[in-house]
Amino acid sequence: MRIISLAVDGIQQASEQGLFQWLASQDADVICLQDLRAPAYELEQHPAYELTGYFSYFFDAPEPERNGVAIYTRDMPKAIMYGFGATNGEDMQGRYLQADFERVSICSLLAPSAIADTQSQETKDRFFRDLLNHFNKISHKRRDYIFCGSWNIAHRDVDVEDPVNCRDVSGFLEHERQCLNQLYTGIGYADAFRRYNSDADEFTHWPSGIAGEGSGWRTDFQVVSGSLRDRVEYAVIYKAKTFSSHLPVIVDYEMETI
């Protein structure tokens, strides 16, 4: 099973860059997109955002020009879940869309970004506290989970091109990195890409707004529940063509059905 995840910096501009032609050639089973910046009803009705052979689901924000997530899937889900119950409602700002299949749930996630020492950082921190509580709750369920998204946090020094100068930058603050430590070591989830590739200089996002320009960060992950950590067959950050300031994360899993 192949899953592709990408933050698109606006689905219209990514489409104009050839995103959907590329996706159609990738033979993915599930595609998760983030940061759509468009109303869901427009995307549902516009043929430019359709993929032949896929069911599509969209979740926008009350202000649809910001945020927004999508899931394209070859198999029809048993259920679709919007949000996960964050205490401040931030998950309902077009940030969390989950498709439940027979044995696996797949989520498209767009975490908040922030500027350190501002109210936006408090909003981001609260979102991640609630998200970790959610991970704790579902870890006891008898199903597998794959969370694909733009997390807006880099985990380790190897995941940032200039870690020394990023220590005080939101996205690389110590308490943010501890959130991922807790997710991986405390709750038992795994970074699917790192299960296959341990190389440095593997970045997915450039805050400059242009892929490859300035310092790179790896902030886009597919996070899997513990029972899937050994099912990662192949993982790559696709670099041959860019559609936004993020690069696609492609992971193949040893699963024939979901």
Side-chain angles (χ1 to χ4, degrees), residues 3-26 28-74 77 80-84 86 89-100 105-114 120 123-124 127 131 146-153 171 204-207 209-211 217 219-223 237-238 241-251:
I3 299 180
I4 295 176
S5 180
L6 174 64
V8 298
D9 295 347
I11 195 169
Q12 180 177 348
Q13 74 84 26
S15 176
E16 292 169 354
Q17 295 293 323
L19 173 63
F20 284 88
Q21 291 89 336
W22 177 76
L23 288 173
S25 72
Q26 294 304 299
D29 296 280
V30 180
I31 298 161
C32 295
L33 302 180
Q34 303 88 37
D35 202 12
L36 307 182
R37 305 180 190 177
Y41 72 88
E42 288 186 4
L43 301 178
E44 292 165 350
Q45 299 173 2
H46 202 303
Y49 307 119
E50 295 178 355
L51 275 174
T52 301
Y54 291 84
F55 300 96
S56 56
Y57 304 90
F58 306 96
F59 184 32
D60 60 14
E63 300 175 16
E65 69 277 3
R66 57 188 289 269
N67 303 342
V69 287
I71 295 176
Y72 292 80
T73 170
R74 291 191 186 278
I80 294 290
M81 187 171 82
Y82 302 86
F84 62 87
E90 187 65 30
D91 58 323
M92 300 303 290
Q93 300 294 315
R95 295 197 180 280
Y96 185 102
L97 179 65
Q98 179 177 307
D100 293 338
S105 292
I106 299 174
C107 173
S108 188
L109 170 71
L110 176 63
S113 59
S120 62
T123 298
K124 181 181 181 182
F127 177 88
L131 186 61
I146 302 173
F147 294 88
C148 304
S150 177
W151 295 69
N152 278 308
I153 297 176
T204 64
H205 174 53
W206 283 261
I210 301 175
W217 295 52
T219 57
D220 302 84
F221 320 135
Q222 294 189 29
V223 172
I237 297 169
Y238 182 81
K241 184 172 176 57
T242 59
F243 309 101
S244 68
S245 65
H246 299 253
L247 297 181
V249 179
I250 304 173
V251 182

From [atom1] ([X]) to [atom2] ([Y]), nearest 0.5 Å:
X    : Y    : atom1 : atom2 : answer
L43  : L36  : CG    : CG    : 6.0 Å
Q21  : K241 : CD    : NZ    : 9.0 Å
W151 : F221 : CH2   : CZ    : 7.5 Å
C32  : Y57  : SG    : OH    : 13.0 Å
F55  : R74  : CZ    : CZ    : 11.5 Å
I11  : L19  : CD1   : CG    : 7.0 Å

Verdict with supporting geometry, S245 and H205, side chain to side chain contact (heavy atoms under 4.5 Å, CB included): CA-CA 6 Å; S245 65; H205 174 53; 3.3 Å; yes

Over 12 non-hydrogen atoms of neighbours within 6.0 angstrom of CD in E42: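 Counting neighbours around CD of E42, more than 12 heavy atoms of other residues, nucleotides or ligands fall under 6.0 Å, so yes.
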
Quick one, [X] and [Y] - any side-chain contact, counting heavy atoms below 4.5 Å?
X    : Y    : result
L247 : D220 : no
I31  : Y54  : yes
F243 : S15  : no
H246 : V8   : no
I106 : I3   : yes
Y49  : E44  : no
Y72  : V30  : no
L6   : S244 : yes

Residue pair [X] / [Y]: nearest heavy atoms and the distance that separates them:
X    : Y    : answer
C148 : Q34  : O-NE2, 3.5 Å
A70  : F58  : CB-CD2, 3.5 Å
W206 : A211 : CE3-CA, 3.7 Å

Chi angles and distances behind the side chain to side chain contact (heavy atoms under 4.5 Å, CB included) call for L109, Y96: CA-CA 5 Å; L109 170 71; Y96 185 102; 4.0 Å; yes

Is [X] reaching over with its side chain to a backbone N or O of [Y], donor-acceptor style, under 3.5 angstrom?
X    : Y    : answer
D35  : G10  : no
Q222 : V249 : yes
K124 : N152 : yes
S108 : I71  : no

side-chain hydrogen bond (donor to acceptor under 3.5 Å, both in side chains) between D100 and Q98, intermediate numbers included: CA-CA 6 Å; D100 293 338; Q98 179 177 307; 2.7 Å; yes

Criterion side chain to side chain contact (heavy atoms under 4.5 Å, CB included) on T123 and E90, from CA distance to verdict: CA-CA 8 Å; T123 298; E90 187 65 30; 3.6 Å; yes

Intermediate values then yes/no, side chain to side chain contact (heavy atoms under 4.5 Å, CB included), D60 and R37: CA-CA 8 Å; D60 60 14; R37 305 180 190 177; over 6 Å; no

Ring centres under 6.0 angstrom apart (F127, F84):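 Yes, they do, as the ring centres are separated by less than 6.0 Å.
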
Option from T204, L110, D9 for which side chain to side chain contact (heavy atoms under 4.5 Å, CB included) with S150 holds: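 Output: one option passes, namely L110.
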
